[in-house]
Amino acid sequence: MQLGLLAKPIGRPVEVKALPVTLRYAPQMLRWEAIKSAIGALICGGIVVGLNPSMWMAVPVGIVGVMFAFYGVQQLRRGNVTVEVDEEAATRIQGVRRTTIPWEKLETFRLHFYAFGRKAQEGTLEVRLGAGGDKIKVDSTIDHFPTLLVHAS
């Protein structure tokens, strides 16, 4: 795997850390995303309640507001996610729930790229690991993502 090619799509330098390593989403990034979603939900709610539009306008705007709210909740939940990577396995921890994928039992490895815009110069990579009935999904906005990717591949 050529790590130099990975830097351009994820938009940051690539560095593979020595194991074991703990991966977390940056709190300031999650906070900013949650704030943006709250602003979007409040604007949509303000339009529906304050302007009292017709049903043809209120329903789509309300749906968009609910989507903003769900996105904000998703960002807050990501703040509780930790992924531990060592020589034996990758373990995703969210609250009391632990999902472990041992490297020797790894059955599925999928890497997806979601581009920002039409040019597809930058975007988000997402790796999906699976073994047995367990699955782990992590995107490239988590710190030390290249370390996970190298050891999973």
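These numbers come from a predicted model, not from an experiment.
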To the nearest 0.5 Å, what is the distance between NZ on Lys135 and CD1 on Ile101?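 Going from NZ on Lys135 over to CD1 on Ile101, the span is 10.0 Å.
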
Look up atom CZ in Arg92 and atom CG in Leu148, then write down how far apart they are to the nearest 0.5 Å.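 It comes to 12.0 Å.
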
Those residues that, when tested against Glu126, pass side-chain hydrogen bond (donor to acceptor under 3.5 Å, both in side chains) (two or more places apart):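 Applying side-chain hydrogen bond (donor to acceptor under 3.5 Å, both in side chains) to Glu126 gives Arg128.
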
Listed by chain and number, what are the side-chain hydrogen bond (donor to acceptor under 3.5 Å, both in side chains) partners of Lys105, not counting sequence neighbours?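 Per chain and number, Lys105 pairs via side-chain hydrogen bond (donor to acceptor under 3.5 Å, both in side chains) with no residue.
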
Kindly indicate whether the side chain of Glu84, heavy atoms from C-beta on, has any atom under 4.5 Å from the side chain of Arg98.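 Yes, side chains in contact.
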
Would you call Thr22 and Val83 a side-chain contact if the rule is heavy atoms closer than 4.5 Å?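 The answer is no; the side chains never approach within 4.5 Å.
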
With distance as the sole test, does [X] use its side chain to make a donor-acceptor pair with the main-chain N or O of [Y] at under 3.5 Å?
X: Thr91; Y: Thr100; answer: no
X: Asp143; Y: Leu23; answer: no
X: Gln94; Y: Thr82; answer: no

Taking distance alone, no hydrogens or angles, what donor-acceptor pairs closer than 3.5 Å link side-chain atoms of residues 52-75 to residues at least two apart or in another chain?
| from | atom 1 | to | atom 2 | distance (Å) |
| --- | --- | --- | --- | --- |
| Tyr71 | OH | Glu33 | OE1 | 2.7 |
| Gln75 | OE1 | Arg78 | NH1 | 3.0 |

Are [Y] and [X] co-members of a hydrophobic cluster defined by side-chain heavy atoms under 4.5 Å apart?
X: Phe109; Y: Phe145; answer: yes
X: Leu42; Y: Trp32; answer: no
X: Val81; Y: Leu149; answer: yes
X: Tyr114; Y: Leu129; answer: no
X: Leu106; Y: Val85; answer: yes

Answer yes if the side chains of Ser140 and Thr124 hold a donor-acceptor pair under 3.5 Å, and no otherwise.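 The criterion, which ignores hydrogens and geometry beyond distance, is not satisfied for Thr124 and Ser140.
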
Take Leu125 and Asp139 through the side chain to side chain contact (heavy atoms under 4.5 Å, CB included) test and state the conclusion after the steps. CA-CA 6 Å; Leu125 284 170; Asp139 64 50; over 6 Å; no

Heavy-atom closest pair, residues Pro146 and Glu15: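 The pair with the smallest heavy-atom distance is CB-O, 4.0 Å.
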
So which heavy atom on Ile136 is nearest to which on Ala90, and how close?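 Taking every non-hydrogen atom into account, CD1-O, 3.5 Å.
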
Verdict with reasoning, Met29 to Thr141, per side chain to side chain contact (heavy atoms under 4.5 Å, CB included): CA-CA 9 Å; Met29 186 257 321; Thr141 58; 4.0 Å; yes

